Amino acid sequence: MRFDIVTLFPALFEGYLGEGLLNKAIKNELVDIHRHDLRDFAPDSVHRPVDDKPFGGGPGMLIQVEPTVKCVEAVQAMSPMPARKILLTPGGKRFDQRMAEEFATDQRLILLCGRYEGFDQRVTDIWQPEEISIGDFVLNGGEVAAMVIIEAVIRLIPGVLGDQQSNIDDSFSQGNRLLEFPQYTRPREFRGHTVPDVLTGGDHGAIAKWRAEQSRLRTQARRSDLLVESENDIKNPNA
Ligand SMILES: N#Cc1c(-c2ccc3cc[nH]c3c2)n[nH]c1N
């Protein structure tokens, strides 16, 4: 899978690309990441400005439409692979696991990361990206959101995770509406906190039952909204 990241700060991704899961996926040629600097498409090649004041007044600056559209069209043309076009913005459709599972089936994602007050509206009007937000909070730019999306997507690509089963058990995976059960490892006792006996008893039926109940209790306590969704799905499976 190919990712093209369009940004004013390509260097922000260096640490992220060089570590962990993503770095392994790149080395195993399961993922291919390309970074593109919006400033390379600035009309003035000396100072390379790509922002300007908003018409009608208001705070801050906007990223101009000309360098942006020239950049994303040039990036798109760099590969014949069909690409899903994504613009990160606080006002976008909320990213979730279902969306991650959908994106993981694409050959290529182009992620457009804004800064300042965002992009001139004509970037959306002309390039027609999907506008995506990672949540109801405000960041300073789209780069962190792009990393969130890349991470959520690449872990779904076959071969990236050592054990695909851990994907299936995850909260929210494949329509799973329950939060993950509590997990324990050695030692069996630490500062008076012991591992629940059922987990060390070897009765796999009892373990599965305990884990299901723990997931339900945890979801009830922290995300009862998910239980409502789950009940609705059961009542209206075709909804
Ligand atoms: N996605 C997303 C975002 C953002 C975001 C994205 C782009 C820019 C460009 C300037 N400020 C930005 C904030 N904030 N919160 C989210 N969930």
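These numbers were taken from a predicted model, which means no experiment stands behind them. Ligands are counted one by one from 1 in listed order, and the atoms in each one are counted from 1 as well.
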Next on the checklist: Taking 4.0 angstrom as the limit and counting only heavy atoms of Gly142, give me the atoms of ligand 1 inside it, by number and element.
Outcome noted: 6 (C), 7 (C), 8 (C)

How close does the nearest protein non-hydrogen atom get to [atom], and which residue and atom is it?
| atom | answer |
| --- | --- |
| atom 13 (C) of ligand 1 | Leu139 O, 3.4 Å |
| atom 5 (C) of ligand 1 | Pro90 CD, 3.6 Å |
| atom 15 (N) of ligand 1 | Phe137 O, 2.6 Å |

Next on the checklist: I'd like to know if the side chain of Glu73 pairs up with that of Trp127 as donor and acceptor (distance under 3.5 Å, no hydrogens or angles considered).
Outcome noted: no

Checklist entry - Does the side chain of Thr200 come under 3.5 Å of the side chain of Arg188 through a donor N or O and an acceptor N or O? => result yes

Next on the checklist: For Glu143 and Thr7: C-alpha separation, side-chain torsions, deciding distance, then whether side chain to side chain donor-acceptor pair (under 3.5 Å) applies.
Outcome noted: CA-CA 7 Å; Glu143 287 81 8; Thr7 171; 2.5 Å; yes

Checklist entry - Out of curiosity, is Ile132 lining ligand 1, as in a heavy atom under 4.0 Å away? => result yes

Next on the checklist: In this structure, does ligand 1 have an atom that sits under 4.0 Å from one of the heavy atoms of Tyr116?
Outcome noted: yes

Next on the checklist: Can you confirm, on distance only, whether ligand 1 has an N/O atom lying under 3.5 Å from any N/O atom belonging to Ala145?
Outcome noted: no

Next on the checklist: Below 3.5 Å, N or O to N or O, backbone or side chain included: is there any such pair between Ser133 and ligand 1?
Outcome noted: yes

Item to check | Pair Lys70 + Glu66, salt bridge at N-O below 4.0 Å | outcome: yes

Next on the checklist: Looking at Glu213 and Arg216, is any side-chain nitrogen of the basic one under 4.0 Å from a carboxylate oxygen of the acidic one?
Outcome noted: yes

Checklist outcome for this item: side chain to side chain donor-acceptor pair (under 3.5 Å) test vs Asp4 passes for just one of His36, Gln76, His34, namely His36

Item to check | Winner among Gly92, Gly135, Ala146, Gly141 once heavy atoms are compared against atom 12 (C) of ligand 1 | outcome: Gly141

Item to check | Arg115, portion touching ligand 1 at heavy-atom distance under 4.0 Å | outcome: backbone

Item to check | Side chain to side chain, Val31 and Phe3, heavy atoms closer than 4.5 Å | outcome: yes

